[in-house]
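A quick write-up on the structure given underneath.
Values in this document were obtained by computation on a predicted structure and should not be read as measured data. So you know, we letter chains A, B, ... as the sequences are listed, proteins then strands, and number each from 1.
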Amino acid sequence: MSKKIIASFTVSRLEILDEQGRTDAELMPDLTDDDLVRLYELMLLTRQFDQRALHLQREGRLGTYPSVLGQEASQVGSAYALQNSDWLFPAFRELGVFVTLGYPLAEIYQYWNGDERGLLCPEQLNIFPICIAVGTHIPHAVGAAMAARYRGDPIATACYFGDGGTSKGDFHEGLNMAGVFQAPVVFIIQNNQWAISISRNHQTAAETLAQKAIAYGIPGIQVDGNDVLAVYQATREALQRARSGGGPSLIECETYRMADHTTADDAARYRDPEEVQRWQRRDPLLRMRRFLADRGLWDDARQQQLETEIDARLDRAVAREEATPPARARDIFAYTWTEMTPRQKRQLQQLRDLRELDHG
Amino acid sequence: MAEMNMVQAINLALREELERDPDVVLLGEDVGRDGGVFRLTEGLYEAFGEERVIDTPLSESAIIGVAIGMAAYGLKPVAEIQFLGFTYGAIEQLFSHAARLRSRSRGQLHCPLVVRTPYGGGVKAPELHEESSEAMFCHMPGLKVVVPGSPWYAKALLQASIRTPDPVLFLEPTRLYRLLREDVPAGDLPVELGKARIARPGDSVTVVAWGSMLEKSLRAAAGFDAEVIDLMTLNPFDAETILASVRRTGRLVVVHEAAQTGGFGAEIAATVAEDAILSLKAPIRRVTGCDVIPPLPLLEDYNVPTAKQIAGAIAEVLAF
Ligand SMILES: Cc1ncc(C[n+]2csc(CCOP(=O)(O)OP(=O)(O)O)c2C)c(N)n1
Ligand SMILES: [Mg+2]
């Protein structure tokens with residue numbers, strides 16, 4: 001008879017770029033100077049898009065909007081490791097991922113303006129529609145990964161969700177299935193410390209979210225989610241492992257939701273402003289800018305020029321969105337089934353008769 | 001007596017029940033410190049503490065499952081789900097357990113649980129925030145489905161729901177949360193689950209509505225000698241009040257926000273066809289949402305019946 005340790009586990013955390021902009025040369029990912037600048041530019045684009053969206057919302061020109069302020073590195077860094085053939089399964093707060101993959105900006109505004117035509121994904125991108133029911137898309141990413149492997153496609157799927165999403169049954173069921181079948185999927189947790197008013201510590205008694213991988217027999221790692229280089233490196237490794245038959249992985253990006261949950265929320269009701277200030281010092285853009293400046297890749301003039309360029313690009317995107325002809329009543333029927341039913345046709349006719357609607 | 005909107009009336013009902021009965025507990029996402037995403041539970045965490053107003057992790061299935069365990073043990077949990085569309089992940093708990101605990105235990109156990117959730121459109125939010133799938137829940141015997149149409153009735157019906165020994169799905173019309181104000185007194189209000197009420201008497205046509213469509217139906221009825229019935233409890237529903245009215249008026253219009261096909265209006269129409277068809281002077285008319293996935297905000301209104309549409313249907317049956 002005995003009582004002995006039969007298994008023990010460790011959880012690692014990856015940090016490459018610190019708050020002062022210094023890096024660990026040994027851990028540096030294999031990126032060119034152009035890549036490094038590009039990462040920063042994408043983060044800045046994400047931030048300015050986000051600020052513009054908040055502004056439009058206040059002016060009544062956009063619907064309820066979830067800001068990604070503070071999460072730029074977690075999103076841009078991970079998405080930058082994706083290849084065009086990989087498939088993305090986003091939650092709803094993935095602006096930085098969309099921007100990095102080249103999703104048209106006007107369409108992103110359009111979606112948040114309550115127009116489902118914004119969900120129409122451009123042909124060349126493999127992006128599943130935004131998932132509003134938290135965590136419920138996790139099994140889909142596993143299934144698509146299994147299907148890709150069955151077809152012999154050397155791709156991976158990437159599934160994004162929040163710290164709150166890890167509490168859903170679908171998280172457990174999806175990760176378990178992925179482990180059993182060694183599906184080529186990478187789960188990327190945007191741990192921004194909050195799920196509306198529920199803090200990370202109230203979401204789970206586990207010390208890290210990364211360690212949840214252990215129970216499913218898959219690799220898990222925590223990264224400094226405000227360190228774009230660490231996020232990129234961890235995601236790249238996990239995607240390569242998945243694409244080459246090494247199975248699924250879980251990445252916990254530890255970051256922070258700097259803004260309210262959405263424009264309909266007031267975080268002052270439930271969280272300490274000092275906590276927000278502490279995270280302010282860990283701003284993901286600031287440290288990357290310092291790093292680039294130290295390498296001679298960035299200066300104030302370039303910063304100003306880029307900000308102006310992005311502003312002009314956002315002006316064009318907003319103008320394009322606002323010039324889009326209104327959606328037609330027919331659109332609410334057209335995609336229910338392959339074909340409209342006779343009853344739906346009658347309902348559409350009644351709408352037109354009664355409401356003197358458009359004739360689309 | 002204080003004039004209040006439905007949010008305040010529901011908050012008052014919860015506060016009074018928490019005060020009255022130590023077995024009552026609230027649980028759900030953001031119901032505590034934040035006071036609920038619609039502020040329905042505002043101030044209750046501060047007043048009753050974290051053991052009775054429980055902020056849960058993000059897991060609807062666990063919220064309802066845990067509430068079932070609490071209810072079977074003897075508590076009276078009131079679970080909040082942020083939107084009806086998010087109960088879908090907990091349907092197994094609702095249908096396979098809450099609805100049948102009494103049956104499965106041959107009457108030994110029961111499940112005095114209330115699941116409160118907003119339903120229907122009105123806040124212009126993303127997908128799954130405007131579901132009106134009440135008929136689906138009415139198709140599960142063992143579950144009661146209750147839908148208030150005004151602040152007074154919201155308070156009365158919620159108190160009755162908390163006190164009934166059966167599990168109740170309590171659907172709060174999002175559209176009405178802050179739209180109507182009414183005098184709502186403190187203390188117990190007389191109302192019985194399973195009974196409809198005549199919200200407006202009339203003699204030439206019966207209009208049956210509930211929740212989000214009641215206010216529009218009353219507006220539509222204003223120009224006619226129309227009787228408006230507020231159904232209030234959808235399952236088990238009060239067929240007698242509807243039949244008695246139709247036998248008098250000879251005409252029936254049923255209004256709901258949910259899709260037409262398989263909607264609860266079909267059950268009412270079938271009941272009238274079975275038991276009062278000889279009293280009918282005109283075909284039955286349904287005014288409903290379309291057979292579509294509820295659209296995102298820009299097109300949301302296309303899918304929601306208007307008072308004008310309801311008035312049109314009333315005029316149509318009156319023409320017979
Ligand atoms: C199944 C489900 N329940 C509740 C909600 C309402 N809701 C929207 S976002 C959110 C919190 C999500 O937290 P997290 O997963 O950490 O993502 P974050 O908002 O922080 O990006 C909640 C409760 C929802 N959308 N889906
Ligand atoms: Mg979160």
Side-chain angles (χ1 to χ4, degrees), chain A residues 63-64 66 92 110-119 129-136 162-171 195-198 202-204 261-262 264-267 269-271 326-329 331-336 340-341 343-344 347-348 350-351 353-355 357, chain B residues 28-39 42 45 50 55-63 65 82-83 85-90 92-93 123-129 259-261 287-303 305-306 308-313:
Chain A
T64 305
F92 62 95
Q110 191 177 28
Y111 173 73
W112 291 111
N113 201 22
D115 187 335
E116 30 229 325
R117 289 174 298 176
L119 288 173
I130 282 175
C131 180
I132 292 295
V134 170
T136 52
D163 42 307
T166 65
S167 294
K168 290 284 291 184
D170 289 313
F171 170 84
I196 310 187
S197 74
I198 307 300
H202 209 97
Q203 199 61 247
T204 172
H261 169 67
T262 65
D265 174 53
D266 174 13
R269 292 171 67 91
Y270 52 78
R271 76 177 178 185
R328 303 167 309 165
D331 289 7
I332 73 173
F333 297 90
Y335 309 103
T336 321
M340 272 172 72
T341 63
R343 180 171 272 186
Q344 283 186 309
Q347 290 170 344
L348 175 57
Q350 277 166 2
L351 269 188
D353 292 349
L354 262 154
R355 304 214 193 167
L357 281 183
Chain B
E29 294 157 18
D30 309 294
V31 300
R33 247 182 221 95
D34 192 38
V37 287
F38 282 108
R39 308 283 174 254
E42 173 124 51
Y45 176 89
E50 62 183 13
D55 261 332
T56 67
L58 206 169
S59 18
E60 284 75 14
S61 182
I63 292 168
Q82 291 185 341
F83 288 90
F86 304 140
T87 59
Y88 296 169
E92 183 161 56
Q93 290 298 339
V123 285
K124 306 271 176 188
E127 207 189 343
L128 287 161
H129 291 67
Q260 180 178 13
T261 302
V287 183
T288 69
C290 307
D291 288 346
V292 301
I293 307 297
L296 291 190
L298 278 199
L299 295 180
E300 179 178 320
D301 289 343
Y302 285 180
N303 188 39
T306 59
K308 188 172 153 194
Q309 250 171 298
I310 301 167

Side chain, backbone, both or neither: which part of A/S167 has a heavy atom under 4.5 Å from chain B?
both
For the atom pair CZ (B/R33) and CD1 (A/I196), what is the distance rounded to the nearest 0.5 Å?
15.0 Å
So does B/L128 have more than 12 non-hydrogen atoms from other groups sitting under 6.0 Å from CG?
yes
All heavy atoms of A/G114 vs all of B/L296, minimum pair found to be O-CB, 3.4 Å
Which value, rounded to the nearest 0.5 Å, describes the distance between B/Q260 atom CD and A/Q350 atom CD?
7.5 Å
Work out which heavy atom in B/D30 is nearest to a heavy atom in A/A195; give both atom names and the distance.
OD1-O, 3.7 Å
What part of B/T261 gets closer than 4.5 Å to chain A, counting heavy atoms only: side chain, backbone, both or neither?
both
Rounded to the nearest 0.5 Å, what separates atom OG1 in A/T136 from atom CD in B/E60?
9.5 Å
In this structure, CG of B/L58 is separated from OG1 of A/T166 (nearest 0.5 Å) by 9.0 Å
Shorter than 4.5 Å, heavy atoms on both sides: which option in A/I198, A/D331, A/T64 has the most such pairs with chain B?
A/I198
Best-contacting candidate, B/F83, B/F86, B/Y88, against chain A by heavy atom pairs under 4.5 angstrom
B/F86
The interface call for B/Q82 against chain A, heavy-atom contacts under 4.5 Å, is side chain
I'd like to know if the side chain of A/Q344 reaches the main chain of B/V292, judged simply by a donor and an acceptor atom lying under 3.5 Å from each other, with no hydrogens or angles considered.
no
If you round to the nearest 0.5 Å, how far is CZ of A/R117 from CG of B/L298?
8.0 Å
Donor-acceptor contact present, side-chain A/Q347 to main-chain B/D291, <3.5 Å
yes
Using non-hydrogen atoms only, which part of A/R343 is less than 4.5 Å away from chain B: side chain, backbone, both, or neither?
side chain
Measure across A/I132 and B/P126 and return the closest heavy-atom pair with its distance rounded to 0.1 Å.
CD1-CB, 3.6 Å
Heavy-atom pair with the smallest gap, counting every atom of B/Y302 and A/R328:
CE1-C, 4.3 Å
Rounded to the nearest 0.5 Å, what separates atom CD1 in A/I332 from atom CG in B/D301?
10.5 Å
Are the side chains of B/V37 and A/H261 in contact, using a 4.5 Å heavy-atom criterion?
no
